[in-house]
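Since the structure comes first, as structure tokens, the remarks are kept for the end.
Order of the sequence lines sets the chain letters (A, B, ...), proteins ahead of strands, with each chain counted from 1. The shown structure was predicted, so the numbers you read here are calculated from the model rather than taken from an experiment.
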2 protein chains.
Amino acid sequence: MNPDDRREAIIAATLAVMQRQGIAATTVRDVAAELGASSGLIHHYMTSMDELIAEAFERSAGADLLATSNLVQQGQDPLEQLRFFFDSYTRSDGDSGMQLWLDAWAEAARRPELRQISQRLNEAWQQLICDIIEGGVRGGLMTCTDPVAAAWRILSLLDGLHLQEVAHSDSVTSAQVSNWSRRGAEIELGLPPGTLTEREPS
Amino acid sequence: MNPDDRREAIIAATLAVMQRQGIAATTVRDVAAELGASSGLIHHYMTSMDELIAEAFERSAGADLLATSNLVQQGQDPLEQLRFFFDSYTRSDGDSGMQLWLDAWAEAARRPELRQISQRLNEAWQQLICDIIEGGVRGGLMTCTDPVAAAWRILSLLDGLHLQEVAHSDSVTSAQVSNWSRRGAEIELGLPPGTLTEREPS
DNA sequence: GCACTTATTGGACATTTGCGCAATAGCGTC
DNA sequence: GACGCTATTGCGCAAATGTCCAATAAGTGC
């Protein structure tokens with residue numbers, strides 16, 4: 001098998017195990033079993049377990065960011081862009097992507113490589129929101145005196161609510177995460193209620 | 001040694017280890033070393049490792065909640081109560097309490113006992129904020145059409161910002177967590193800027 | 001066909017983990 | 001001082017884990 005393809009296959013298998021069992025409980029043997037290969041093979045391509053986990057997480061979380069980013073760019077104006085942002089972000093929690101983030105944040109303190117990736121991606125998410133807000137303020141569609149702070153607030157609110165949904169499923173529901181976070185952004189940016197509500201696909 | 005005291009001592013030692021190393025990396029042997037006793041002793045008092053961890057987390061997080069709750073009750077009006085709430089919450093992150101919460105949320109999916117405790121405490125935090133808001137709305141000091149949602153937003157925003165600070169220390173600083181979360185609550189509740197800023201102890 | 005590189009295997013190894021258990025020490029009661 | 005209960009010890013066991021390594025299979029260029 002082509003080395004590049006093999007490497008991809010290993011990362012894909014790692015990701016599958018991570019999503020099933022969580023980052024902390026992912027072992028080399030499980031990845032090998034998922035791949036249908038031996039454990040030695042994984043170490044032939046990866047120098048350490050930490051690198052393997054970091055790479056798999058980056059692949060998964062990076063793809064989510066890219067997908068949302070692409071969708072946002074299709075928005076005609078900043079309001080639609082922000083709506084698309086919420087559409088994309090609140091849809092992607094159907095899979096276990098958010099549990100991965102929870103694991104990553106908790107493990108960041110103990111895995112430097114993972115921490116670096118997690119930080120970089122979070123800052124990219126914040127930047128994405130910040131750009132939308134600055135566009136909205138320039139166009140007179142939104143009111144905001146501190147876009148950097150506002151972007152961190154919108155992102156953190158979304159993460160904080162998602163966290164409750166994933167950790168304690170019957171405290172906060174998926175619909176509440178969507179509604180409450182959209183309403184929060186409306187309040188933050190001086191928008192009338194309903195502006196960011198998900199539109200029915202016509 | 002008195003069995004009750006011994007039990008307390010074990011929990012205290014467990015907590016110390018948990019704060020130093022994180023929940024996932026806490027082992028029976030480490031707790032025994034911290035206590036200056038043998039590993040067998042821990043199992044004489046606790047039926048399992050999960051129970052030990054859950055109990056220690058409940059003790060620590062419950063104490064934080066109680067301390068904040070007590071401080072809030074000393075506020076003369078809802079605005080001061082909310083200010084006290086932020087004072088208490090944003091001060092308690094000096095120690096590593098927030099990393100414990102991160103671990104707890106991540107582990108909640110795999111440790112039922114921990115999940116139950118985490119969920120109960122989070123709901124109590126939300127209730128604490130909700131009561132303040134309802135008092136503020138009644139007294140005409142705050143504007144809020146949905147106190148339940150607003151309380152979840154204020155709590156989740158605070159947790160989300162804290163999360164960034166703990167996981168990636170140079171993305172968001174401790175001061176920014178305090179300022180941004182207070183400002184967020186002001187916007188949420190229709191308060192003029194600076195209303196919730198920490199007062200200098202005169 | 002033959003050397004040479006590389007992918008792949010399967011297991012060994014040292015370490016760490018939660019937990020159990022037989023032995024011991026300490027202390028209160030008669 | 002003897003007895004009995006329980007706190008406490010210290011070790012051992014089985015399972016799991018990351019890492020490494022010698023042996024093998026599979027190509028690949030000559």
Fill in the blank from the handout: Between CG of Asn2(B) and P of dA7(D) the distance, given in whole Å, is 10 Å
Problem - Gap between atoms CE and P, on Met49(B) and dG18(C) respectively (whole Å) - result: 5 Å
Taking only nitrogen or oxygen atoms into account, show me every contact under 3.5 Å that the protein makes with nucleotides 6-10 of chain C, one pair per line with its distance.
| from | atom 1 | to | atom 2 | distance (Å) |
| --- | --- | --- | --- | --- |
| dA7(C) | OP2 | His44(A) | NE2 | 2.8 |
| dT8(C) | OP2 | Tyr45(A) | OH | 3.0 |
| dT9(C) | OP2 | Ser38(A) | N | 3.0 |
| dT9(C) | OP2 | Ser38(A) | OG | 3.1 |

Problem - Nearest-Å distance for atom pair CG/P, residues Leu35(B) and dA7(D) - result: 15 Å
Fill in the blank from the handout: Residue pairs passing the salt bridge (Lys or Arg N to Asp or Glu O under 4.0 Å) test with at least one member in residues 70-83 of chain A, sequence neighbours excluded, are none
Practice task
Assign Thr26(B) to base, sugar-phosphate, or nothing according to its heavy-atom contacts below 4.0 angstrom with the strands shown.
Solution key: sugar-phosphate
Handout entry: His43(B) side chain near dG20(C) phosphate (N/O to OP1/OP2, under 4.0 Å)
Key = no
Handout entry: Value in whole Å for how far the P atom of dT17(C) lies from CD1 of Ile53(B)
Key = 12 Å
Practice task
Establish, from distance only, whether the side-chain atoms of Ser169(A) and Arg115(B) form a donor-acceptor pair under 3.5 Å.
Solution key: yes
Handout entry: Donor-acceptor pair between Asn70(A) and Gln74(A) side chains, under 3.5 angstrom
Key = no
Practice task
Figure out the CG/P separation between Asp5(B) and dT8(D), and round it to whole Å.
Solution key: 11 Å
Handout entry: Over 12 foreign heavy atoms within 6.0 Å of CD, Gln116(B)
Key = no
Problem - Atom pair distance, as rounded to whole Å: CD1 in Ile10(B) and C1' in dA7(D) - result: 11 Å
Completion exercise
Between CZ of Arg29(A) and C1' of dA16(D) the distance, given in whole Å, is 7 Å
Practice task
Taking atom types as modelled, find out whether Ser171(A) and Glu123(B) have a side-chain donor-acceptor pair closer than 3.5 angstrom.
Solution key: yes
Exercise for the section: Say whether Thr14(B) and Arg59(B), considering side chains only, have a donor N or O and an acceptor N or O under 3.5 Å apart. Expected result: no
Problem - Euclidean distance, atom CE of residue Met46(A) to atom P of dT19(D) [Å, nearest integer] - result: 13 Å
